Amino acid sequence: MGNTCQNNVHVENTHVSLPQNDEQVDTRQRDLQEARRKYQLEQHTFGLTAVEQRLVNIDNLPPMLSKLPHEERQSLYSKIRFGAQYIFYTLYALFQRLVGCGRQWTIDRMIQHFRFPCLLKEPKGCEVWRKTAINKKEQTVLQRMQADHWFAWQRLNGVTRNLIHRVEGIVPLQFAPFLKTIEYNHPYLAEKTLQVHIEQKTLYIVNLTEVALGETTLLAPVALFVIFNGMLMPVAVWINSMDIDIGQVSIPNILSDDERLRHWVKTRIIFNMLDAQYHESVTHLGFTHLLMDGVSVCMHRNLSKRHPIYKILLPHFRYMHAINIAARDDLLPRGGYIEKNMYIRRILMLKLIAKHNENWVYDPIQTSLENRGAMDIPGYFFKDDALQLEGAIRQFVHQYVTHYYKNDDRNVQEDGEIQGFYQELTAPRASRAMIGSGGCGMNGIPEINSMENLVDVVTYFIYTCSVEHSATNFPQYEQYAFPPNFAALLNGQPEDEMADLDASMPSRKEMFSTIKIMKVLTLVLTNSLGNYENVYTRDMDTFGRNCVAAFQQNLSAIQNRMNNRNADIMARNDPNQLQEYQYEWLLPKNVLNSISI
């Protein structure tokens with residue numbers, strides 16, 4: 001890649017320049033003034049009442065674009081595709097409700113729906129449930145273990161993949177009162193205590209207590225996992241209120257106790273449902289869509305269209321503002337999907353985002369993994385693939401930045417537009433009454449006073465808009481479409497004991513409403529990572545286009561390595577032993593450039 005870029009050191013296109021080198025200063029300033037008029041930050045209220053805004057702490061939400069400029073609208077082709085997808089699955093959901101009138105919507109009927117010839121591909125969650133014979137009397141010990149591994153695999157490679165971290169020091173408080181119960185004849189602890197696993201660095205935790213928002217009436221789930229025979233497996237799950245004195249734990253059951261097994265299966269279902277609330281609130285909406293919305297506004301307000309950094313960031317914001325406004329107006333209002341079909345509801349969702357954003361810090365993927373002690377977890381394929389892609393993005397950005405700044409940090413420091421961009425990113429968030437004032441309030445972003453820091457920040461934004469969002473968004477149908485696997489909503493109170501699992505499942509209407517939304521949200525509207533649309537490459541100079549071409553070659557090599565890894569997984573799987581699952585969501589062809597859906 002480096003050779004391709006270095007062979008073209010002359011920038012022949014006068015429309016790509018740093019502000020200190022641009023002779024057309026007046027034109028550049030006029031263009032920026034017009035951009036600042038069109039792109040303004042606003043602390044949206046999402047239609048909440050004054051009381052609800054105080055409950056949410058609305059000023060802590062990430063600010064967004066105030067009004068959609070004409071340039072940000074989706075193309076007619078994209079609008080038609082989006083509309084057609086929405087209408088088709090709306091009619092599909094309506095038809096399923098009509099033909100199913102009067103029939104109880106059981107888990108078996110859900111499986112049959114996907115197995116019989118229909119317009120829907122069987123989601124991965126349904127396939128795993130069916131093949132491991134979950135909730136069936138004939139389920140074997142190996143199938144029970146395989147279902148447990150899938151539950152652990154979801155923590156590493158599902159829609160929420162950045163929460164697992166190694167347990168350090170002592171056993172977490174929630175589990176301390178239950179040590180004897182957990183450790184006695186546990187199938188995956190290899191006759192070792194939890195403390196020994198902590199010392200051997202093989203015990204991990206996923207803590208979702210944040211979804212309880214500190215309220216004792218809401219559930220606060222925590223789960224422990226261990227490395228067992230080279231695979232991550234569950235140890236115990238604690239699901240109860242925030243009061244640890246009244247909590248209970250559930251542990252895996254691979255024996256023949258039907259009652260204990262049913263309780264364990266339901267515990268997995270509840271944990272996943274609560275994980276879904278965190279996923280859609282924090283992992284997805286809050287910290288890809290909303291967070292990057294403000295970044296794009298700051299870019300437009302501070303970087304001229306002639307600026308080289310503007311030219312490589314712009315493709316990664318394609319259609320983002322349009323889809324964010326659609327989400328704000330269609331999914332989040334009263335009576336929208338969130339209100340009807342998710343456990344957490346919209347006010348608590350916004351409150352969770354606001355609480356998390358108040359404490360948000362700049363946390364690149366490598367730093368996140370190291371801080372969580374998660375670098376050595378076997379089967380963490382998201383980690384492996386994300387690091388490769390982040391490395392390719394960083395290499396691309398480094399070659400690009402060092403060329404335009406002549407490999408001199410002083411050129412970064414003297415770039416008034418980049419410095420303005422940084423100042424607005426980090427400036428305190430404005431009050432909702434002050435449209436166009438204030439900044440994004442992003443904590444911990446390194447001061448952009450060197451090429452190294454500039455590369456870090458630009459890499460982080462491109463990674464978030466492409467890799468992070470794609471890994472978060474596009475597996476949604478595979479996970480959510482079959483409610484027992486990963487439910488957005490369960491009937492009744494999740495902590496209540498049900499006569500059977502069917503009683504807790506969402507209705508047919510609720511299930512197909514979720515399928516409709518997930519099908520729409522996984523529609524591909526932009527190009528894959530590095531394959532920039534012509535409208536962007538035409539506006540680059542020859543050097544920029546050569547760097548993009550080298551980036552594409554690098555991504556092609558990465559895709560080959562990922563394909564080989566997945567082929568090796570399938571070749572090594574033994575039907576008489578625990579099997580590993582392939583991970584394909586970060587194949588470069590499956591990663592989109594932008595948060596376009």
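Counting from 1, the numbers follow the sequence of the chain as shown. Keep in mind it's a predicted model, so treat the numbers as computed, not measured.
- Screening residues 464-474 for salt bridge (charged side-chain N to carboxylate O under 4.0 Å, His left out) gives Arg161-Glu468 as the qualifying pairs, with residues at least two apart or on separate chains.
- In this structure, the side chains of His300 and Leu314 come closer than 4.5 Å at one or more pairs of heavy atoms.
- Contact annotation: the side chain of Leu156 never approaches that of Phe382 to less than 4.5 Å [non-hydrogen atoms, C-beta and beyond].
- The shortest distance between side-chain heavy atoms of Ile377 and Lys383 does not fall below 4.5 Å.
- Applying the salt bridge (charged side-chain N to carboxylate O under 4.0 Å, His left out) rule to pairs touching residues 309-333 yields Lys311-Asp539, Arg318-Glu533, sequence neighbours excluded.
- Taking the six-membered ring wherever Trp is involved, the centroid distance between the rings of Tyr480 and His279 falls below 6.0 Å.
- The aromatic rings of Tyr460 and Tyr362 lie tilted to each other, with the angle between the two planes from 30° to 60°.
- A 4.5 Å side-chain heavy-atom check between Leu61 and His44 finds every atom pair outside the cut-off.
- Below 30°, between 30° and 60°, or above 60°: for Phe82 and Tyr86 the angle between ring planes is below 30°, a parallel geometry.
- In this model, no donor atom of one side chain and acceptor atom of the other lie less than 3.5 Å apart for Gln40 and Ser66.
- The closest side-chain heavy-atom distance from Met375 to Leu387 is below 4.5 Å.
- Ring centers of Phe551 and Phe396: under 6.0 Å apart, within the cut-off.
- The aromatic rings of Phe543 and His403 lie parallel to each other, with less than 30° between the two planes, well short of the 60° mark.
- Asn593 contributes a side-chain N or O that, together with a main-chain N or O of Gly530, makes up a donor-acceptor pair within less than 3.5 Å.
- Counting only distance, with no hydrogens or angles, the side chain of Gln479 and the backbone of Phe486 share no donor-acceptor pair below 3.5 Å.
- The pair Glu42-Lys67 fails the salt-bridge criterion, with no side-chain N (NZ, NE, NH1 or NH2) lying under 4.0 Å from an Asp/Glu carboxylate O.
- Side-chain atoms of Asp385 and Trp585 include no donor-acceptor pair closer than 3.5 Å.
- Gln366 and Glu370 form a side-chain donor-acceptor contact under 3.5 Å, judged by distance and modelled atom types alone.
- Stacking of Lys516 on the aromatic ring of Tyr92 is not recorded, the 6.0 Å distance cut-off and the 45° axial limit not both being met.
- Contact annotation: the side chain of Lys38 never approaches that of His70 to less than 4.5 Å [non-hydrogen atoms, C-beta and beyond].
- Inter-residue side-chain proximity for Ser594 and Phe317 is flagged as unmet; no heavy-atom pair is nearer than 4.5 Å.
- The side-chain heavy atoms of His289 and His469, taken from C-beta on, include a pair separated by under 4.5 Å.
- Contacts classified as salt bridge (charged side-chain N to carboxylate O under 4.0 Å, His left out) and involving residues 454-467 (residues at least two apart or in different chains) are given here: Arg394-Asp456.
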